[in-house]
Q: 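I have a structure here, written as structure tokens, and I will follow up with some questions on it.
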Amino acid sequence: PLLPDFESQSPQSTELIQQIADLLSSQLDLARTVCSETPFATILLQRLLILERIYYAFRHKYHNKDKVRSLSVIPEEDRCRDCTIVQLERASSAPNALLEMGVRTGLTLMFALIQQSWQFTIPSEGPNLSHQVLQTASDVVRSLPLLSLANESQITVLGSTCLSEVTSFLRKTVLPQSGADPIGRRLACELMLQLACQRGSSRHLLEWVDLVLTAAADELQNKTLRESDYIAIPESMVNEAIANMRSAAVSGDGRACRHVPLCIADDGSRIRLHKAAMLIMQELVYLSSHLTDSWVSTGEKSIDSGTSASSVSDKTCEVFVWGSNSSHQLAEGNQEKILHP
């Protein structure tokens with residue numbers, strides 16, 4: 001049987017346009033669904049999310065501070081939202097401020113107690129407070145893995161500040177005019193050497209060499225000091241520092257650094273400051289020349305594989321310097337600025 005025809009009239013133009021729009025919308029949704037499942041779309045979405053997080057981090061770090069400064073001119077409808085942002089920033093910075101206050105006041109208290117123990121401690125009354133604190137710190141630093149403080153990017157601002165304050169206090173302690181007894185000065189000198197080795201930079205080792213040479217010169221100029229008041233650090237500690245320097249400085253071609261024999265100390269197992277400084281400086285000079293020769297050999301071999309190491313070792317390197325030179329730091333014989341290398 002024939003089905004009844006309910007729509008005998010032809011559709012109107014508006015209905016046709018609506019039908020076409022619905023079909024196109026359905027095709028667009030289908031195309032969007034299919035394209036979103038492709039690998040390209042997935043990777044693109046991931047990159048967009050990463051960029052969105054980076055932009056949000058920059059906005060949260062830099063732009064909200066400007067909003068806080070201009071809080072008085074913000075419209076009333078936006079003020080509640082910005083007040084919430086300010087409260088979140090204060091809440092996140094409050095623990096850091098309390099931590100910084102606690103650590104820095106603790107360091108100040110410890111420094112004051114150590115200096116007070118130099119003035120009022122009598123040897124017959126018991127152990128010295130400064131000796132115990134410095135010996136404990138030395139044991140802790142020695143137990144750390146090698147180069148634990150070398151990566152400064154992983155050290156927080158508070159950690160860097162505390163490390164600078166501790167280093168400055170130890171530097172003052174080593175000098176004879178600090179008021180510390182010879183044992184305290186020796187422990188501070190040993191702790192400075194261990195920290196310099198852990199920080200893994202020649203700058204800190206050179207600062208230690210400069211410190212001990214200054215202290216040794218002050219000892220020689222002070223006529224009131226007895227022989228027992230001169231600082232002499234253990235020879236084993238100097239050997240350990242040099243061994244750590246050699247293990248950290250490995251040449252590019254894998255050759256091991258030769259071991260330079262140590263000088264024999266005047267007092268057996270201990271070595272005076274100026275001789276310890278000479279040994280550390282000698283090791284720094286040797287390691288720098290050894291690594292420079294290995295780098296030159298590696299670079300020449302990469303250019304010309306037929307060049308032997310013996311012929312490369314005779315070549316010299318050039319060093320380009322520039323900068324302020326206000327304190328002869330460029331070793332050019334004058335104090336004039338050098339603007340070009």
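Scope of the values below: all heavy atoms of this structure, side chains included, with no hydrogens, waters or symmetry mates.
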Q: Ile338 and Val321: which non-hydrogen atoms are nearest, and at how many Å?
A: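 In this case the closest contact between Ile338 and Val321 is CG2-O, 3.8 Å.
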Q: Taking Phe40 as the starting point, is it possible to reach Leu48 by hopping between hydrophobic residues whose side chains are less than 4.5 Å apart?
A: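 Yes; Phe40 is reachable from Leu48 via cluster members.
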Q: Any side-chain heavy atom of Arg47 sitting closer than 4.5 Å to one from Ile43?
A: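 Yes. Closest side-chain heavy atoms under 4.5 Å.
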Q: Would you say Thr214's side chain and Asp210's backbone share a donor-acceptor pair under 3.5 angstrom?
A: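 Yes; judged by distance alone, with no hydrogens or angles, the pair exists.
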Q: So, Ser288 side chain and Leu284 main chain: donor-acceptor pair closer than 3.5 Å or not?
A: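 Judged by distance alone, yes, a pair lies under 3.5 Å.
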Q: Looking only at non-hydrogen atoms, find the nearest pair between Leu273 and Cys189 and report the distance.
A: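 Scanning both residues completely, I find the closest heavy atoms to be CD2-SG, 3.7 Å.
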Q: Under 4.0 Å between a Lys/Arg side-chain N and an Asp/Glu carboxylate O for Asp139 and Arg142?
A: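 Here Asp139 does not pair with Arg142 in a salt bridge, since their nearest N and O are not under 4.0 Å apart.
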Q: Is there a side-chain contact between Leu175 and Leu211 in this structure, where contact means two heavy atoms from C-beta onward sitting under 4.5 Å apart?
A: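 Leu175 vs Leu211: side chains touch.
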Q: Distance check, rounded to the nearest 0.5 Å: Arg32 atom CZ versus Ser25 atom OG?
A: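 Reported value, rounded in 0.5 Å steps: 8.0 Å.
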Q: What I'd like to find out is whether the side chain of Met245 reaches to under 4.5 Å of the side chain of Tyr286, using heavy atoms alone.
A: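 In short, these two side chains do not touch, never coming nearer than 4.5 Å.
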Q: Do Pro234 and Glu190 make a side-chain contact, defined as non-hydrogen atoms from C-beta onward lying under 4.5 Å apart?
A: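 Yes, close enough: below the 4.5 Å cut-off.
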Q: Under the side-chain contact (heavy atoms from CB on, under 4.5 Å) rule, what do Asn128 and Ile183 come out as? Steps first, then yes or no, please.
A: CA-CA 10 Å; Asn128 191 299; Ile183 299 178; over 6 Å; no
Q: Kindly say whether Leu158 contributes a backbone atom to a donor-acceptor pair with the side chain of Glu100 at under 3.5 angstrom?
A: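 A pair under 3.5 Å: no.
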Q: Ignoring hydrogens and geometry beyond distance, is a side-chain donor-acceptor pair present between Gln194 and Ser138 at under 3.5 Å?
A: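 Yes - a donor-acceptor pair under 3.5 Å links their side chains.
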Q: Could you tell me whether Glu52 atom CD has more than 12 heavy atoms of other residues or ligands within 6.0 Å of it?
A: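 Open.
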Q: Heavy atoms, side chains only, cut-off 4.5 Å: are Ile233 and Ile271 in contact?
A: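 Touching, per the 4.5 Å side-chain cut-off.
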Q: To the nearest 0.5 angstrom, please state how far the CE atom of Met281 sits from the CG atom of Leu206.
A: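 Output value for this atom pair is 5.5 Å.
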Q: What's the separation between atom CD1 in Ile231 and atom CZ in Arg270, rounded to the nearest 0.5 Å?
A: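 CZ of Arg270 is found 11.0 Å from CD1 of Ile231.
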Q: Working to the nearest 0.5 angstrom, can you tell me the gap between Cys197 SG and His204 NE2?
A: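 Rounded to the nearest 0.5 Å, the SG-NE2 separation comes out at 11.5 Å.
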Q: Work out which heavy atom in Thr33 is nearest to a heavy atom in Glu37; give both atom names and the distance.
A: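 So the minimum-distance heavy-atom pair works out to O-CG, 3.3 Å.
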Q: With the 4.5 Å side-chain cut-off for hydrophobic clustering, are Phe320 and Leu330 part of the same group?
A: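 Yes.
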Q: Quick one: do Trp118 and Met110 end up in the same hydrophobic cluster if we chain Ile, Leu, Val, Met, Phe, Trp and Tyr together by side-chain heavy atoms under 4.5 Å apart?
A: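 In one cluster with Trp118: Met110, yes.
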Q: Would you check if the side chain of Gln198 reaches a backbone N or O of Leu147 as a donor-acceptor pair within less than 3.5 Å?
A: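 Confirmed, Gln198 side chain pairs with Leu147 backbone.
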Q: Less than 4.5 Å apart, side chain to side chain, heavy atoms only: is that true for Leu109 and Thr105?
A: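 When only atoms from C-beta onward are counted, Thr105 and Leu109 do not touch, as no gap falls below 4.5 Å.
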Q: Grab the two heavy atoms, one from Gly159 and one from Ile155, that are nearest each other, plus how far apart they are.
A: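 Minimum heavy-atom separation between Gly159 and Ile155: C-CG2, 3.8 Å.
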Q: Hey, does the side chain of Ser327 reach the backbone of Gln329 with a donor-acceptor pair shorter than 3.5 angstrom?
A: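 No: the side chain of Ser327 does not pair with the backbone of Gln329.
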Q: Under 4.5 Å between side-chain heavy atoms, hopping through other hydrophobics if needed: is there a path connecting Met278 to Leu213?
A: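 Unlinked, Met278 and Leu213 end up in two clusters.
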Q: Are side-chain heavy atoms of Gln116 and Leu129 found at a separation under 4.5 Å?
A: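 Heavy-atom side-chain distance check fails, nothing below 4.5 Å.
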Q: Quick one, Thr173 and Ile114 - any side-chain contact, counting heavy atoms below 4.5 Å?
A: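 A side-chain contact under 4.5 Å is absent here.
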Q: Are Leu113 and Phe169 in one and the same hydrophobic cluster, where Ile, Leu, Val, Met, Phe, Trp and Tyr link if side-chain heavy atoms are under 4.5 Å apart?
A: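 Yes, because Leu113 and Phe169 connect within a single hydrophobic cluster, where side-chain heavy atoms sit under 4.5 Å apart.
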Q: Should Arg185 and Glu219 count as an ion pair when the cut-off is N to O under 4.0 Å?
A: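 Between Glu219 and Arg185 there is a salt bridge, with a charged N closer than 4.0 Å to a carboxylate O.
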Q: Roughly how far, to the nearest 0.5 Å, is CD of Glu207 from OG of Ser202?
A: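 So the OG of Ser202 and the CD of Glu207 are separated by 10.0 Å.
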Q: Which residues satisfy the ring pair (Phe, Tyr, Trp, His ring centres under 6.0 Å) test with Tyr230, sequence neighbours excluded?
A: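 Tyr230 satisfies ring pair (Phe, Tyr, Trp, His ring centres under 6.0 Å) with no residue once adjacent residues are dropped.
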Q: Check whether Asn325 reaches the backbone of Glu336 with its side chain - one donor and one acceptor, N or O, closer than 3.5 Å.
A: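 Present.
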Q: Does Arg104 pair with Glu165 as a salt bridge, N-O distance under 4.0 Å?
A: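 Looking at Glu165 together with Arg104, the answer is yes, because their closest N to O distance falls below 4.0 Å.
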Q: Drop me the distance from Ile280's CD1 to Lys275's NZ, to the nearest 0.5 angstrom.
A: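 Those atoms lie 15.0 Å apart.
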Q: Which atom names give the shortest non-hydrogen contact between Arg171 and Met192, and what distance separates them?
A: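 Taking every non-hydrogen atom into account, N-SD, 4.3 Å.
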Q: Between the main-chain N or O of Ala277 and the side-chain N or O of Trp208, is there a donor-acceptor pair closer than 3.5 Å?
A: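 Not confirmed, Trp208 side chain does not pair with Ala277 backbone.
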Q: Considering all heavy atoms of both residues, which atom of Ser36 and which atom of Thr42 are nearest to each other, and what is their separation?
A: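 Here Ser36 and Thr42 meet closest at O-OG1, 4.1 Å.
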